[in-house]
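All residue numbers refer to positions in the sequence shown, counting from 1. Quick caveat, the model's predicted, so the values are computed rather than measured.
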Amino acid sequence: MKKKHINIIGWYGKNNAGDEAFRHVFQTKIFPDKELIFTTGEDWRPGGRTIIGGGDVVHKFYTQHLPEGTTVELLGVGLGNYNEATEALKHLKVKSAVVRSKADAEFLKCKYAPDLVLQHLEPVEVERTEKIGICLSGWRDENMVARNIIKEIGRDNIVWISLCNDANHNDVAMNENFVRVFGGEHWFGGSTEDYLQ
């Protein structure tokens with residue numbers, strides 16, 4: 001008997017380490033023996049399960065390709081703007097949801113799990129170095145946070161880490177600015193496994 005596929009809808013194949021970490025966990029930990037189709041929605045295939053996640057992907061950009069009445073599961077998602085999320089889901093049947101913020105869980109009346117990826121990571125042996133890696137992706141007031149870090153630990157041996165290797169991504173631009181203003185190195189690019197380590 002042919003096994004059914006699972007459509008997993010999110011920001012996949014775009015060189016963003018956070019999203020590729022979700023792919024890694026889905027493939028190796030959650031659904032290791034299933035046929036997975038990772039798509040931003042346009043390559044959705046009928047006849048299998050449909051999961052939206054992980055990440056902040058409850059948006060019409062991802063759901064617009066799904067036919068009216070499609071049953072979906074939300075897994076490891078953030079809702080972002082509640083009006084936009086409601087609009088994105090209104091033509092779908094949400095079978096189950098696990099969201100990554102308590103506020104989102106209260107809004108949807110569903111389960112809460114803070115980070116799908118971190119829950120499934122195994123300990124990794126790393127070399128001790130004199131450098132400290134700092135990732136401020138998604139933080140509000142990044143400049144203030146960066147200043148406070150510099151004030152606390154100094155300027156030496158800092159590596160600013162971007163979660164995306166797209167030179168036009170605001171993560172990359174922010175960290176390039178940090179290098180100019182605060183000093184240190186900027187690291188981006190590499191595989192999901194590089195980021196996870």
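Listed by chain and number, the residues in a salt bridge (charged side-chain N to carboxylate O under 4.0 Å, His left out) with Arg147 amount to none (sequence neighbours excluded). Residues satisfying the salt bridge (charged side-chain N to carboxylate O under 4.0 Å, His left out) test with Lys109, not counting sequence neighbours, are none. With sequence neighbours excluded, no residue satisfies side chain to side chain donor-acceptor pair (under 3.5 Å) with Glu106. Under the rule for a side chain to side chain donor-acceptor pair (under 3.5 Å), the partners of Glu42 that lie at least two apart in sequence or sit in another chain are Thr40. For Glu185, the salt bridge (charged side-chain N to carboxylate O under 4.0 Å, His left out) test picks out Lys131, with sequence neighbours left out. Not counting sequence neighbours, Asp104 has no partner by the salt bridge (charged side-chain N to carboxylate O under 4.0 Å, His left out) test. With sequence neighbours excluded, the residues that form a side chain to side chain donor-acceptor pair (under 3.5 Å) with Asn175 are Ser162.
Of all heavy-atom pairs between Pro46 and His5, the closest is O-CE1, 3.1 Å. Between Leu108 and Ala97, the closest heavy-atom pair is CD1-CB, 4.2 Å.
For residues 61-72, no pair satisfies side-chain hydrogen bond (donor to acceptor under 3.5 Å, both in side chains), with sequence neighbours left out. Among pairs with a residue in residues 92-101, those fulfilling salt bridge (charged side-chain N to carboxylate O under 4.0 Å, His left out) read Asp56-Arg100, at least two apart in sequence or across chains. Sequence neighbours left out, not one pair with a member in residues 74-85 passes salt bridge (charged side-chain N to carboxylate O under 4.0 Å, His left out). Screening residues 81-112 for ring pair (Phe, Tyr, Trp, His ring centres under 6.0 Å) gives Tyr82-Phe107 as the qualifying pairs, with residues at least two apart or on separate chains.
Looking at Trp160, its side chain does come within 3.5 Å of a backbone N or O of Gly183 through a donor-acceptor pair.
The hydrophobic cluster containing Ile37, built from Ile/Leu/Val/Met/Phe/Trp/Tyr side-chain heavy atoms closer than 4.5 Å, comprises no other residue.
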Legend entry - Val94/Leu89 under side chain to side chain contact (heavy atoms under 4.5 Å, CB included): CA gap, chis, key distance, verdict: CA-CA 8 Å; Val94 179; Leu89 295 172; 4.2 Å; yes
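Hydrophobic cluster membership is shared by Val72 and Val58, with clusters built from Ile, Leu, Val, Met, Phe, Trp and Tyr side chains linked at under 4.5 angstrom.
In this structure, the side chains of Ile158 and Phe182 stay at 4.5 Å or more apart for every pair of heavy atoms.
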